[in-house]
Every structure is written in structure tokens, then in C-alpha cells.
Amino acid sequence: MTNERFDPSVADRRWQAAWDEARCFEADSDSNKPKSYVLEMFPYPSGRIHIGHVRNYTMGDVLARYRKMRGDEVLHPMGWDAFGMPAENAAMEKGVHPAGWTYQNIETMKGQLKQLGFALDWSREFATCDPEYYGHEQALFIELFENGLVYRKESEVNWDPVDMTVLANEQVIDGKGWRSGAEVEKRKLNQWFLKITDFADELLAGVQALESWPQKVRLMQENWIGKSQGLEFAFELSNGETLPVYTTRPDTIFGASFVAVAADHPVAQAVAANNCEAAKFIAECKRGGTTAAELETAEKLGFDTGIGAKHPFTGEHLPLFIANFVLMDYGTGAIMAVPGHDQRDFEFATKYALPIPRVVAASVEDAGEPFDGEAEAGDGVIVNSDFLSGMEVEAAKREVITRAEAGGWGKGTTVWRLRDWGVSRQRYWGTPIPFIHCDDCGVVPVPQDQLPVKLPEDVDFSKPGNPLLRHPTWKDVACPKCGSDAQRETDTLDTFVNSSWYFLRFASQPADKPFDAAEVAKWMPVDQYIGGIEHAILHLLYARFWTRALARCGKLDVKEPFASLFTQGMVTHETYSRKDGAREEYFMPADVDRTGDGATLKADGKPVQIGKVIKMSKSKKNVVDPEDIIRDYGADAVRWFMLSDSPPERDLPWSEAGIEGCGRFVQRLWRLFGHYDPTASGEDKGLARKTHQTIAAVADDIEALAFNKAVARLYELTSATEKAAPSEDRNHAIRSLLLMASPMMPHLAEEGWQAMGESGLVSEAAWPDVDPSLLVEDEVTIAVQHMGKLRDTLTAPKGASKETLEALALASEKVQRSIDGAEIRKVIVVPDRLVNIVA
RNA sequence: GCGGGCGUGGCGGAAUGGUAGACGCCGGGGACUUAAAAUCCCCUGAUCCUAUAGAUCGUGUGGGUUCGAGUCCCACCGCCCGCACCA
């Protein structure tokens with residue numbers, strides 16, 4: 001073997017080509033090996049790969065390559081989440097077609113992923129904007145429709161009156177359209193919905209059982225689904241109507257001092273119809289901002305309708321208000337207000353001088369305690385409440401529900417925060433919703449043999465609005481049922497639908513249907529899913545819902561798509577900036593020289609301010625382009641950096657010094673591989689032990705996705721091996737290092753494998769075996785403490801008796817000096833670990 | 001407000017209740033070299049000191065449990081994230 005430097009600019013390409021040639025990462029659905037499905041969240045083809053993709057896909061790649069070495073049949077696919085608004089924006093801004101723009105980006109980004117040497121099964125690649133994919137999606141959508149899981153409903157959208165278009169919530173900034181700056185209006189449109197609320201219960205129970213998901217994500221989903229239990233009951237109103245309300249605190253019913261409805265509640269609307277003061281108040285409520293800060297400080301406002309609501313137990317008439325803090329879309333849009341034990345009600349009652357009775361207290365004796373400026377929402381005993389007085393909160397809740405149900409005026413109910421999923425988007429670049437509107441037959445699904453409903457290519461983006469709607473001919477079709485003139489649906493599906501079943505299509509991709517159930521059953525569930533925490537709620541919840549919905553329709557057997565989930569941290573970098581008048585001007589790291597404590601701009605040599613280490617973002621310019629660093633250091637150094645130092649779930653600070661260290665290590669390993677000497681003989685028991693211990697530990701670390709620890713262990717073994725004299729055990733250590741490093745630095749490993757004279761690809765080699773007898777040391781270091789403080793260490797044979805260790809410890813001069821003749825009261829001996837002398 | 005997480009050297013971070021700071025980065029010193037690059041070796045928590053020895057302190061703060069606490073318990077402080085007028 002030569003002593004030349006490892007040259008990634010040559011080796012990377014060579015081995016990437018060799019892997020393609022050997023097709024060694026193509027998954028075989030007919031294999032008898034244990035299966036392993038490793039999946040990273042597929043990217044949106046925005047233009048170029050960013051460093052976050054590199055970190056995400058490197059982690060998945062190490063796991064996929066490792067599992068393959070352990071003998072699994074690995075499915076590790078990649079594709080493109082290709083529908084979405086950036087393509088349409090590009091079409092409007094640059095006059096390019098969304099499809100052309102998207103496929104161009106895919107080509108660029110695929111090339112970048114290839115440069116990183118990921119062990120991906122490219123034979124299964126697809127983009128969600130391929131008509132083949134979205135055609136199957138249309139078939140599934142119709143399937144859900146036929147199973148009663150799709151419906152249409154009037155729903156409010158954000159309407160931009162200048163651009164004549166519907167805006168997503170995130171496109172509305174301070175109540176104005178992001179592009180036009182026009183005041184956004186609320187409009188009602190007929191839209192498509194998926195019945196995710198039908199699955200609220202099982203989605204909640206399911207997420208609670210997903211033990212291999214991060215606790216954080218599980219809690220976020222639980223909160224999002226938001227199950228609450230309470231009592232729904234009706235107030236009789238003085239105008240003869242009834243008003244249903246929902247409460248989670250029926251135990252406090254005797255503390256109710258007013259009733260309130262939302263501004264858009266029918267009762268409020270009815271009052272406003274012949275009371276212009278009320279109408280004015282309602283209009284004012286709608287104007288209020290909805291940002292967190294505004295809500296925080298928003299004053300509780302109400303309008304007294306003059307109507308009375310009859311308390312179900314006391315018969316007393318409570319005043320009925322229209323209140324700005326009551327939400328129409330939660331519960332019944334109306335509440336019984338208990339100011340003593342709900343902070344919002346407390347603030348309202350204080351403002352309008354309404355009674356604030358106490359009905360919960362720390363004890364019966366505290367029934368008369370005044371409130372200390374705020375409501376008391378906590379536990380306690382019920383007071384001032386007729387037959388409930390003296391009961392605990394939970395018992396009182398049950399008692400009131402029982403009486404309400406017996407009296408027929410209310411019932412115990414469960415209320416969910418989760419809403420049905422509105423999937424209609426008035427956009428071009430998405431999956432056309434496969435339905436036809438016929439004047440006579442109503443809404444008719446497009447027949448199977450007419451799928452896919454393809455997007456027209458001759459579209460015009462020069463005008464705002466939905467190009468499908470104003471296309472001259474596309475929407476004109478014959479009704480599939482009666483044959484008369486009808487119109488296509490011009491809405492497209494939310495892009496989250498595309499990512500709700502792509503993992504099934506990766507597992508199985510027949511031409512004539514979305515997937516083959518039997519083939520999917522072989523691969524699903526995904527064994528390890530890896531992606532960003534930003535998808536903790538929507539994407540992961542929708543994908544879980546689609547999987548369950550398809551299972552309910554009999555298309556699938558699996559209920560949870562992702563057995564294990566990992567959310568990786570972001571890549572961060574310090575910022576470089578300079579004050580330019582009042583503005584802060586930022587500079588790219590590539591344009592800055594970092595010197596010791598300071599930094600200077602390359603262009604003028606003058607210093608720049610070094611800012612905080614934050615997430616890489618274009619606006620702060622603290623970004624590094626993966627292609628640049630691959631060119632400078634090679635794919636393996638970049639991959640190694642992504643795995644080093646920071647635990648994978650935490651943020652990883654990018655640094656020039658760090659990547660240089662990784663580049664050095666690549667060369668250092670390469671030199672060590674050069675010391676592989678087939679003629680060497682003799683043994684090195686210590687190194688052999690270290691080698692086997694490392695093999696076992698690195699395997700455990702990779703399985704736990706603790707890549708930073710695996711990296712540290714490989715550094716340690718490298719140092720030990722470098723220092724060792726040539727021997728058979730040293731050769732074994734070098735060969736083992738190469739194999740262990742191969743999932744992380746596959747190009748270097750292949751190059752070394754070939755140089756060692758091994759045949760075939762290291763990517764198809766097996767993980768090194770462990771000799772269990774070499775995992776245990778025969779000598780151990782014993783810590784000797786006096787009163788819990790370390791005084792000495794000594795070496796003893798493994799498994800030495802307590803008596804032996806005690807004697808050895810007491811023989812230590814340092815220990816004796818520390819004890820200094822004091823009386824020994826107790827000696828604690830932990831075999832193979834320590835001796836603590838209490839004196 | 002509710003829910004969750006995290007606080008360890010100059011920095012990123014290791015550490016089944018048992019030798020705190022593995023490993024990497026930065027920094028310092030040295031070797032090789034005409035020189036540089038590359039590479040290799042040594043040192044690198046703080047303080048004290050009679051300095052190859054030794055001592056004291058040290059994991060956000062204050063208590064507690066224990067022979068022994070970064071780790072377990074209680075209280076507090078700070079930072080980060082998610083949700084949020086959800087009755």
C-alpha cells in the first residue's frame with residue numbers, strides 16, 4: 001500500500017459509480033432476510049441541498065449501511081415532495097413552468113445527494129408531481145370518499161381581493177396579503193374535508209403507545225388532538241330558546257354567575273339582527289388581532305343581551321353576554337362562566353362587576369375565604385353548593401353529570417380540539433381533486449379508468465388566481481354518470497396529502513394500483529423514521545391518519561406507519577455582520593477570515609462582528625453550501641463531521657476548525673490502513689481486547705443513534721492501534737476499524753478495502769464479529785476512597801474477593817496517610833470497582 | 001398561562017449512584033525541515049504550594065437522602081422549545 005494521501009476528489013466518484021454498477025443498495029422485496037426499512041423525510045426540491053438535509057440523510061445512511069452489514073434486507077429509498085407553492089411563485093416571478101422548475105431542481109439536488117455517497121435505492125425514486133404518483137393518490141382519495149371519510153362543507157378562507165386568490169394562513173401577515181399587501185377578507189367557499197376526527201380516539205391511543213417516539217412529539221400530538229371530558233347541557237333562555245353549553249368543570253356549576261356566547265354564535269347573530277349596538281360589538285370582536293401578543297393583552301369585552309339563562313339547579317336567571325373571548329369552533333360556542341375558578345371569567349366578571357362566588361376551597365372551613373386577585377383553578381373541596389358541598393372535585397363532577405343525565409337536561413361528553421382536515425387548495429401545482437360537478441348528478445368521482453386526472457400544461461401565470469379555474473377548456477367534461485355537460489373540480493389537494501402515503505409507494509410500486517398490500521406488509525412499518533421536529537404535528541399526524549384510514553378501508557394491515565421516530569437537531573453557525581448605518585449587514589462565512597478571537601472580511605481586511613451561533617438561514621447569511629465543503633474536504637469528512645461531537649438530537653455548530661479536524665482524521669485513518677501488514681505475526685492481547693470492546697460498543701451506539709459516542713470510540717481505537725507494534729491483532733484492529741468506519745466514511749473504507757487486497761465491496765461486507773471472552777478485562781483498576789474521597793487507585797485481578805481488595809486498599813501508603821490513625825468504622829467494597837474506607 | 005426539555009472546562013460534549021471532564025476543537029510547548037505545509041510527541045478545570053510529590057475547591061443556586069450524588073428527592077434561578085382566550 002502506498003503512503004499517498006487519500007484523494008476524495010477521485011475516490012468519491014469512483015466508488016459511487018461502483019455502487020451504482022453493483023446495484024448494491026436496491027432492496028429485494030422477495031428476500032428472506034430480516035427486513036429493515038430506514039426512511040428519512042423526503043425533501044422538497046427547492047433548488048439545492050442544504051446542510052440540514054446532509055445531517056438528516058447522513059444519520060439515516062449510517063443506520064441503513066450498518067443494518068445491511070448486520071445481515072438485514074434494507075429498504076432505504078429517496079424521492080421528492082414536489083408539489084407546493086414555491087414552484088408557483090417561481091412561475092409567477094420568472095415566467096418558468098412549475099414542472100420545469102421542479103424537475104430541474106430535482107436533477108440538481110439528486111446530483112448533490114449522489115456526491116455524498118448515500119446508500120439509497122434510486123430504483124424506487126419518484127416525485128409526488130409525477131402523474132403516475134398523483135394518479136394513484138386520486139384513486140386513494142376516491143376510495144376514502146366511498147368509505148365516507150371525505151365530505152364537502154362551506155368553510156372560511158383568507159381571500160386576497162387584489163390577487164383574487166386564497167391565501168394560506170402563513171401568507172397572511174398582519175391581516176394583509178404577503179404579496180399584494182391588501183387587507184385580507186374572510187370568504188366562505190365549499191371545500192373538501194377529510195374526517196380525521198373520526199380517528200381522534202385511536203390516533204390518541206396510538207400515539208400514547210408509540211414508545212420509540214420522542215416523548216416530546218408524543219405530547220405535542222396529544223395536545224393537538226386535545227381530548228377533554230365534561231358536561232354538555234342546555235340553559236333555558238328567557239326568550240324561550242335553549243342554549244347548549246359545554247364545561248369541563250360541572251362541579252363548579254353553583255359558581256356560575258353569567259353565561260356567554262361567541263360573537264358568531266347564532267344567538268348573538270339573532271340579537272344583532274334587531275339591535276345595532278350588538279351588531280357593532282360583534283363587528284368589533286372580529287376585527288381584533290389573533291397574534292399571541294395581542295391575545296395576551298386583549299381586554300375581555302362583552303355585550304349584555306338582556307336575555308336571562310335559567311340555572312338548572314337554582315332556577316336563578318343569569319345574564320347572557322356576547323363575549324370576545326368565547327370561541328365559536330370549540331365545544332358549543334357558549335359557556336357557563338364561573339369567575340371564581342376560571343381566570344378569563346374572573347377578568348370579565350371584574351370588569352363588568354358581576355358576582356364572583358367561591359365554590360371550591362382548600363377545606364370546608366375556608367368557604368368564606370376571599371379571592372386574591374385571581375381565579376383559583378386548583379383542586380379542593382366543593383363549598384357553597386347545596387348538595388355538592390363537602391364533595392371532592394372529581395366526585396362532584398360525576399354527581400352533576402349523573403343528575404343532568406337523569407334529569408334529561410345534559411350529558412357527559414368528550415370534546416376534541418382536533419378539527420377535520422380541510423384539503424382544498426385553490427392552486428395549480430398540486431394533485432387535482434378527482435371529482436366532477438354535474439348539475440343533475442351532483443358530485444361524481446372520476447372513474448378509475450380515467451385516472452390520473454392530469455394537470456394541464458398550457459397554463460397562464462401572468463394573472464393572479466387559480467390557473468385551473470380560468471383555463472379555457474380543462475374543466476369542461478361530460479358527467480361520467482349521465483353524460484351531460486359538467487365541470488371538473490378545480491381545487492387541488494393540500495401537499496400534506498402527498499406526504500401522507502409516500503412511504504407505502506416506496507415499499508411497493510405496481511403500475512396498476514397505488515401499492516400491493518402483500519408487498520407493503522413485508523416492509524411496513526418503517527423501522528426508523530428520521531426528520532425534523534418541525535413535522536412533529538401535522539405531517540406525522542396526517543401520515544398516521546392516512547395509514548389508519550386506508551386500514552379501515554381494507555387496503556392495509558398496518559395501523560402505525562412509523563415504529564420508531566427520531567428528530568434530529570439543526571446545524572447552526574455564528575453570524576458575521578457589520579453596522580451599516582441603522583441596518584446590520586451580514587456576510588457569508590466563505591467571505592470571512594476567522595482568526596483566533598476575531599474575524600475579518602476577506603474583501604477589505606477589516607474586522608466584522610461575530611454574532612451568536614444560530615440556525616443557518618439565508619437572511620443571516622450564516623450558511624455553508626454542502627457542495628462547497630464536499631469539494632474542499634470530500635464527502636467522508638463532511639459525513640464524519642455531521643456525526644461527530646454533538647448528540648444527534650441537539651443542534652450541531654458548524655465550524656471551519658471542526659471540518660478541518662475531520663479532514664485530518666480521514667487522512668489519519670488512511671495512513672493507518674497503510675500499516676496493515678499481512679506478514680506481521682504475534683499477538684497483542686490488550687489491543688485485541690480494546691478492538692472487541694469497541695466493536696460491541698460502536699454497534700450499541702449506532703443502534704441507539706448515538707453517533708457522537710460511536711465516533712469518540714473510533715478515535716480511541718485509532719489512537720491505540722497507531723501506538724501498537726505490528727502483530728496479527730493489530731492487523732485485525734485495522735481491518736475492524738475500516739469495517740466500523742465504513743457506514744460513516746464509505747468511500748475511504750472502499751479504497752482501504754481494495755488496498756488491503758480484499759475482494760468485493762466493503763459496502764457488502766459483514767459487521768465484524770465479537771469474541772465475548774475478550775470483552776472482559778482480566779485486570780481492573782480499583783478506586784480507593786477515604787470518606788468518599790479518592791486517595792489512590794490500584795490494580796487488581798478481575799473478580800478479586802472483597803477481603804483481598806480491602807487488604808490491598810489498607811496497604812496503600814496514601815490511604816494510610818489520609819486515615820492518619822483514625823478508627824476504621826466501616827469498609828465498603830464494590831467488587832472490580834472501588835473500596836471506600838469510613839474512618 | 002399550560003406542557004416539555006436543558007444548565008458539566010475557553011467551546012461541542014462523555015460519565016449502569018462508585019476514579020468528573022472520555023473524544024473532538026481551540027490554546028501552549030517541543031520534534032522533523034534551509035523554511036513552510038504535512039506529520040508526530042508532550043501539556044492544557046481552578047486555586048494553593050515547600051511544584052515530577054501534595055492539598056483544597058469544582059457539574060446553575062440552596063437544602064436533603066447515602067459510606068459515596070453531575071446522576072435520586074425537595075425548593076429556587078436561568079435559558080430553550082411547543083401550545084395558547086380550547087371553557
Side-chain angles (χ1 to χ4, degrees), chain A residues 3 5 214-224 226 228 230-231 245-249 252 260 262 288 290 292 294-296 298-300 323-327 329-338 341-345 347-348 374 377 415-418 533-534 536-537 572 596-597 613 640-641 644-647 649-662 664-665 667-668 671 706 708-716 718-719 722-723 781-794 814 817-818 825-830 832-839:
Chain A
N3 279 325
R5 288 172 66 78
Q215 187 65 21
K216 179 178 184 159
V217 174
R218 291 161 68 192
L219 283 166
M220 281 165 75
Q221 293 218 351
E222 280 177 34
N223 293 338
W224 189 261
S228 98
L231 170 71
V245 300
Y246 170 73
T247 179
T248 56
R249 293 295 302 273
T252 62
T290 50
E294 282 169 309
L295 289 174
E296 190 76 38
E299 201 178 355
K300 302 284 177 286
N324 68 344
F325 69 93
V326 180
L327 304 175
D329 61 357
Y330 185 79
T332 62
I335 59 162
M336 74 163 196
V338 184
H341 306 286
D342 181 284
Q343 185 58 25
R344 292 155 300 177
D345 301 351
E347 287 167 28
F348 190 92
E374 56 181 23
V415 168
W416 305 87
R417 208 191 84 102
L418 186 67
I533 187 74
E534 68 273 17
I537 297 174
T572 59
D597 294 344
V613 177
W640 187 252
F641 184 92
S644 303
D645 296 350
S646 289
E649 69 279 8
R650 283 204 220 165
D651 289 350
L652 171 69
W654 174 266
S655 78
E656 203 68 26
I659 184 68
E660 276 170 12
C662 293
R664 277 198 297 273
F665 184 65
Q667 298 300 338
R668 196 173 146 200
R671 283 192 301 275
N708 57 321
K709 293 189 220 169
V711 161
R713 290 186 210 284
L714 293 180
Y715 274 116
E716 277 188 80
T718 300
S719 294
E722 283 169 340
K723 290 187 179 98
T781 306
I782 305 287
V784 185
Q785 299 178 335
H786 171 217
M787 301 299 287
K789 289 195 180 204
L790 184 72
R791 294 299 164 191
D792 200 3
T793 57
L794 48 90
K814 288 176 187 172
R817 206 188 313 149
S818 176
R825 282 176 289 159
K826 199 171 169 185
V827 178
I828 286 130
V829 182
V830 182
D832 297 336
R833 277 231 171 245
L834 66 64
V835 179
N836 187 14
I837 295 154
V838 185

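Just so you know, these numbers use all the heavy atoms, side chains as well, and skip hydrogens, waters and symmetry mates. Proteins get letters first, then strands, A, B, ... in listed order; numbering begins at 1 in each. These figures come from a predicted structure and were not determined experimentally.
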Heavy-atom closest contact ([X] atom, [Y] atom, distance):
X      : Y      : answer
A:T248 : A:S228 : CG2-OG, 3.6 Å
A:F641 : A:P653 : CZ-O, 3.6 Å
A:V245 : A:T332 : CA-OG1, 3.2 Å

Q.
Quick check: any donor-acceptor pair below 3.5 Å linking the side-chain of A:K300 to the base of B:rC85?
A.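 It does, because a donor-acceptor pair links the side chain of A:K300 to the base of B:rC85 below 3.5 Å.
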
Q) Between the base of B:rU19 and the side chain of A:R791, is there any donor-acceptor pair under 3.5 Å? A) no

Any base atoms under 4.0 Å from [X], or only sugar-phosphate, or nothing? Heavy atoms, all strands.
X      : answer
A:L834 : base
A:V830 : base
A:Y246 : base
A:T793 : base
A:V326 : base
A:R713 : nothing

Determine: side-chain N/O of [X] to OP1/OP2 of [N], distance under 4.0 Å, yes or no.
X      : N      : answer
A:R218 : B:rG4  : no
A:R650 : B:rG13 : yes
A:N708 : B:rA14 : yes

Q) Which word best sums up how the rings of A:Y715 and A:F665 line up, parallel for under 30°, tilted for 30 to 60°, or perpendicular for over 60°? A) tilted

Q. Rounded to the nearest 0.5 Å, how far apart are CG of A:N223 and CD1 of A:I537?
A.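 So the gap between those two atoms works out to 8.0 Å.
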
(Q) I want to verify a distance call: between B:rA22, B:rG3, B:rG7, whose nearest atom is closest to the A:A712 side chain? (A) B:rA22

Q: Counting heavy atoms from C-beta on, name the nucleotide in B:rU19, B:rC26, B:rC23 closest to the side chain of A:R664.
A: B:rC26

Q. For RNA chain B, what are the stems built from at least three Watson-Crick or G-U pairs in a row, each pair having both distances below 3.5 Å?
A. B:1-7 with B:77-83, B:10-12 with B:23-25, B:27-31 with B:39-43, B:45-48 with B:54-57, B:60-64 with B:72-76

Q. Do any N or O atoms from the side chain of A:N324 and from the backbone of A:E299 form a donor-acceptor pair under 3.5 angstrom?
A.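 Indeed, once roles are kept as given, a pair shorter than 3.5 Å links the two residues.
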
Q: Using the C1' atom on both, measure B:rG64 against B:rC83 and round to a whole Å.
A: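 So the two C1' atoms sit 35 Å from each other.
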
